[in-house]
Amino acid sequence: MSKVATFLCVLLLSHQTLCDGNETSENSIPEEKMYDDYRLPTSITPENYKLEIITQLNDTQGFGFSGVVWITMNVNAFADNITLHMKNLTIESDKVQLFELPQVTANDSMIEKSSRDYEKSLNEERKIRKIQYVPKHDYMIIYPAKILSKFRKYVVKIPFEGDLDTSLIGYYRSSYFDKKAQKKIWLAVTQFEPTHAREAFPCFDEPEMKATFDISLVHHKMYNSLSNMPLKESKEMEKIEDFVVDTFETTVPMSTYLVAYCVSDFEYKEATVKMKDDVKFRIYARRDAMDQVDYAAEVGPKVLKFYEDYFKIKFPLPKIDMIAIPDFGAGAMENWGLITYRETALLYRANASTLSAKHRVAEVIAHELAHQWFGNLVTMKWWTDLWLNEGFATYVASLGVAYLHPEWKSLDEESVDNTLHIFKFDALKASHPVSVTIGHPNQISQIFDAISYSKGSCIIRMMHKFLGEESFQIGVSNYLKKHEYANAKQDDLWAALTEVAHSQQSLPNELSVKEIMDTWTLQVGYPIIKVHRNYDENSAEITQTRYLSDRFKTRSDVEFCWWIPLTYVDSETREFNVSHAQDWMKCGKENIPEMKRIENLPDKDQWVIFNAQLSGLYKIQYDRWNYKLIVKTLNSENFKNIHQINRAQLIDDAMDLAWVGEQDYGIALAMINYLRQEDEYIPWKSALDNLRSVNRLLIRSELYGVFKAYVQHVLEPIYEKVGGISEPSKSERLDAVKHQSMICGWSCRFGVGDCVEKSVELFARWMKETEPDHVNPVPLNLRSVVYCSAIRMGKEAEWLFLWTRYINSNVGAEKSLIISSLSCSREQWLLGRYLDWSLNSTLVRKQDAASVFGGVAREEIGFHLAKNFFFEKIDAIHQTLSPDTSRISRFIKPLAEQMSTEKDIHELKELVTVKHKVFEKSTLGVKQALETVELNNQWKLNTYMDFSRRLNRMMARNFDYSLEDDEQEEAKAI
Ligand SMILES: *[C@@H]1O[C@H](CO)[C@@H](O)[C@H](O)[C@H]1NC(C)=O
Ligand SMILES: *[C@@H]1O[C@H](CO)[C@@H](O)[C@H](O)[C@H]1NC(C)=O
Ligand SMILES: *[C@@H]1O[C@H](CO)[C@@H](O)[C@H](O)[C@H]1NC(C)=O
Ligand SMILES: [Zn+2]
């Protein structure tokens with residue numbers, strides 16, 4: 001097999017010329033006739049692909065693939081051309097052939113001799129007039145000499161060749177170092193979502209164009225191959241010595257982005273928990289990592305079974321393989337029957353992977369397996385509804401993890417985490433609606449973001465809560481059954497849920513799920529409700545607007561309307577477990593928000609808290625008296641009368657409202673003060689996340705000393721309570737373990753207790769070990785804290801010691817933990833060199849480059865280095881990420897979070913303008929980054945003074961402070 005193409009279409013593509021060897025004017029497309037729709041015509045649909053691929057994966061002979069695809073197509077309407085997708089492939093146009101099928105479909109295997117037989121069976125060959133390429137849309141357009149007949153089937157045969165590069169998309173190659181062989185070994189694997197199947201073979205690359213696939217993989221016999229379906233047969237090749245051909249069974253009808261294959265020398269372990277009905281479950285990994293697959297083999301089948309019961313639909317394929325790929329761009333990919341993962345998302349080793357790392361493995365496996373129904377069996381019609389796939393998989397995965405590990409108590413933590421994250425992200429003007437119109441394919445990869453995943457998950461959780469368990473579950477199951485092996489829009493889901501909800505009376509008959517949910521998916525943002533209690537009448541008036549982080553907003557920015565499920569709790573009954581809507585905040589005609597009145601509220605001495613357990617995605621601003629009642633309870637020994645999730649929300653809302661100047665910092669700081677008695681993770685997480693944003697802006701200001709003293713004051717009791725660095729938590733609860741690590745992280749950074757001292761001591765003990773790769777005295781779940789502190793306090797010796805552990809480690813989770821710790825250094829030259837190394841793929845894998853950068857950028861010393869690095873090496877970074885340059889957003893974000901001056905805004909804008917090509921695929925991320933810097937700037941100009949005044953007053957009172965004191969002094973000050 002040779003990699004030298006006889007005719008290089010790829011080179012010609014940029015000139016929009018043709019590849020049929022005839023560059024006459026007759027064949028060039030006149031501009032005005034250019035087919036300019038980014039969607040394929042629907043007149044022709046694929047029914048089956050026979051795909052044969054030869055993979056060359058050899059250090060001496062080179063890397064590449066070549067293949068042939070036979071696509072059986074149906075002609076549904078008038079068609080004078082066949083338009084399909086193709087990108088970066090070499091195609092010899094004169095070898096493309098078109099056949100008309102006899103009325104019966106041929107179904108033979110097609111390798112070698114048989115492929116000739118197959119073609120013989122294909123009735124008559126049809127002449128092709130010309131072939132055109134439209135690079136703008138990755139189109140290959142085949143014009144038959146005669147118009148295609150309606151309702152007939154045709155087969156187009158396209159031979160092609162492609163590069164097996166290290167781009168992490170399409171069909172690409174990855175490598176690892178094998179200990180036994182003492183050498184680098186290659187593998188080849190696919191990543192097609194969203195639009196990269198077209199880079200591996202010509203195809204109708206849209207989710208709605210479902211077809212069956214007969215895949216054959218030809219490769220050197222030292223490798224094995226895998227695909228979506230089980231192997232049907234494996235034979236030696238006659239034509240190529242030492243090569244074998246593996247033929248797989250025909251798939252079910254599926255979208256192109258879910259096709260997968262892999263050629264590797266990996267080993268596998270079969271799950272011991274056997275599924276009923278014989279779904280074979282195997283975990284594949286490189287030989288040296290086979291000691292890390294047991295956990296996946298244990299939980300995979302369990303959670304699959306959980307979904308079969310939950311959705312009431314059996315998993316339709318005979319097998320599932322899950323494989324850990326050393327170089328992988330995303331976290332994992334749900335390819336039907338062959339799920340690919342980053343090593344950190346699939347592999348787990350006790351004593352090397354932290355509990356958080358284990359949680360991540362459980363979460364990702366549960367997410368990908370949920371996709372086997374949500375996404376694979378029922379697929380979104382178009383990428384606009386990507387959130388249906390991702391939001392559902394994310395939400396259902398949290399249920400799956402709770403089922404796998406009830407002892408972790410992870411459900412609350414995950415929901416709150418998602419919600420608080422969205423509260424920040426979706427408060428940007430540059431956010432986008434959950435359901436987003438997708439034009440150019442450039443835009444697709446950008447929406448694999450927090451909105452589709454986390455917000456999608458939040459609003460599904462909200463719906464689950466207001467519909468109730470039974471309606472939700474039956475509705476979802478009906479929806480899946482109705483659309484299986486086909487595609488659906490969000491309206492189809494709403495219809496299924498409404499039907500059940502009405503029959504079960506979980507929703508009033510005059511109200512549909514669509515009416516409610518459209519306000520959440522079609523509009524950007526989320527609401528804040530303002531609650532004004534009338535204490536004489538025991539009632540309250542409630543209004544809603546969009547919540548934005550920008551203090552300069554116009555009415556049109558915030559005048560939105562949502563259907564809000566209201567729940568509220570008072571201090572007498574304290575029923576925080578209500579989750580169905582006690583009342584609805586409605587949108588009137590023409591989507592105009594209506595004021596809502598609530599009666600029968602308790603007396604003046606009782607607080608009222610809305611949004612029990614954050615079951616709805618909305619913020620709340622109360623009147624001052626109600627705040628006082630709440631603050632009083634928080635600062636009393638009865639603070640647990642308020643549910644911990646609501647304690648978290650109260651802090652988050654108060655801090656956010658103060659951030660935008662809608663409310664002073666008095667209330668927020670009075671709330672933070674109660675933390676000295678708080679011992680739960682969730683409220684602390686909320687508080688510290690908010691303090692982190694403030695910290696970033698204060699770090700270079702004169703107020704920093706006071707701020708630091710304040711944070712120390714708040715942290716002191718909890719540092720002792722969680723056991724400090726010396727006593728690792730023995731709890732099985734995920735939140736307890738995360739809590740200790742988070743508190744210690746902050747304590748070390750702010751010099752609380754013996755945190756730094758103990759960390760440095762532990763690290764020094766580790767450095768003295770004779771076999772540090774096998775013996776590590778640092779408590780597992782505190783490693784990120786200890787490493788970071790020791791590296792921060794240490795010099796080159798500590799850094800190199802840890803770097804060597806990174807090189808020697810065989811566990812992905814451990815490597816990634818070390819990667820982030822190495823950025824904690826305060827030695828400029830170490831950080832500078834580390835940044836350089838991040839672009840050198842022999843030292844840091846391409847997939848990890850953004851983590852290195854983000855880690856350095858988020859550190860005090862590292863920020864300036866990272867900023868210079870980004871501005872100076874933008875082209876090199878772009879090239880390293882290429883072709884998936886949408887990931888450049890992950891570089892701008894950590895920088896923007898810490899930029900706040902006019903000059904910063906100006907510089908960033910200029911860079912983006914000058915290098916617009918570089919940012920072409922991350923326009924959304926750029927907009928969000930710029931807005932973030934502007935918001936930081938606003939805070940400094942407008943809010944800093946308020947914060948500073950109050951903080952200084954607190955300082956003067958030894959931080960012993962109450963809302964009443966604050967009010968009095970504030971009155972004096974004015
Ligand atoms: C190129 O075009 C000329 C005239 O249009 C035709 O005679 C010739 O056969 C074509 N060659 C190929 C390779 O299609
Ligand atoms: C790679 O090529 C060399 C030299 O032709 C050959 O000896 C070896 O078997 C090949 N290995 C693979 C995996 O293709
Ligand atoms: C190809 O055919 C479809 C209809 O089947 C038509 O809509 C489209 O414009 C045609 N494309 C070109 C480039 O002529
Ligand atoms: Zn997903």
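In what follows, residues are counted from 1 in the order of the sequence shown. The basis for the numbers below is simple: all heavy atoms, side chains too, and nothing from hydrogens, waters or symmetry mates. When a ligand or atom number is given, it counts from 1 through the structure's own listing order.
The distance from ligand 3 to the heavy atoms of S43 drops below 4.0 Å at these ligand atoms: 4 (C), 5 (O). Atoms of ligand 3 found under 4.0 Å from any heavy atom of N81 (numbered from 1 in listed order, with element): 1 (C), 2 (O), 3 (C), 8 (C), 10 (C), 11 (N), 12 (C), 14 (O).
At least one N, O or S atom of E390, from either the backbone or the side chain, sits less than 2.8 Å from the Zn ion (ligand 4).
For Y268, the OH atom counts as loosely surrounded, since its 6.0 Å shell holds 12 or fewer non-hydrogen atoms of other residues, nucleotides or ligands. Annotation for E241: atom CD does not count as buried by contact number, only 12 or fewer foreign heavy atoms lying within 6.0 Å.
Judged purely by atom type and a 3.5 angstrom limit, N228 has no side-chain atom pairing as donor or acceptor with the backbone of N335. Of the possible polar contacts, none joining the E193 side chain to the Y257 backbone as a donor-acceptor pair under 3.5 Å is found.
Between D385 and K489, none of the side-chain N atoms (NZ, or NE/NH1/NH2) sits under 4.0 Å from a carboxylate O, so this pair counts as no salt bridge. Between D165 and R173 there is no salt bridge, since no side-chain nitrogen of the basic residue lies less than 4.0 Å from a carboxylate oxygen of the acidic one. Classification of D242 and K221 as a salt-bridged pair holds, one side-chain N sitting under 4.0 Å from a carboxylate O.
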Find all protein N or O atoms under 3.5 angstrom from an N or O atom of ligand 2 and list the pairs with distances, or write 'none'.
{"unit_1": "ligand 2", "atom_1": "2 (O)", "unit_2": "N58", "atom_2": "OD1", "d": "3.2"}
{"unit_1": "ligand 2", "atom_1": "2 (O)", "unit_2": "N58", "atom_2": "ND2", "d": "2.3"}
{"unit_1": "ligand 2", "atom_1": "2 (O)", "unit_2": "T60", "atom_2": "OG1", "d": "3.4"}
{"unit_1": "ligand 2", "atom_1": "5 (O)", "unit_2": "Q61", "atom_2": "NE2", "d": "2.9"}
{"unit_1": "ligand 2", "atom_1": "11 (N)", "unit_2": "N58", "atom_2": "ND2", "d": "2.9"}
{"unit_1": "ligand 2", "atom_1": "14 (O)", "unit_2": "N58", "atom_2": "ND2", "d": "2.8"}

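Test Y261, W186, Y171 against T55 for side-chain hydrogen bond (donor to acceptor under 3.5 Å, both in side chains) and you get one pass: Y171.
In this structure, H85 has its ring center no closer than 6.0 Å to that of F204.
Within H367, the N, O or S atom lying nearest to the Zn ion (ligand 4) carries the name NE2. H371 contributes NE2 as its N, O or S atom closest to the Zn ion (ligand 4).
Neither the backbone nor the side chain of I44 has any atom closer than 4.0 Å to an atom of ligand 3 (non-hydrogen atoms only). Under 4.0 angstrom from ligand 3, there are no non-hydrogen atoms of Y139.
For the 3.5 Å distance criterion, the side chains of Q372 and E334 fail to qualify, holding no donor opposite an acceptor.
Considering backbone and side-chain N/O atoms, F78 comes within less than 3.5 Å of an N/O atom of ligand 3.
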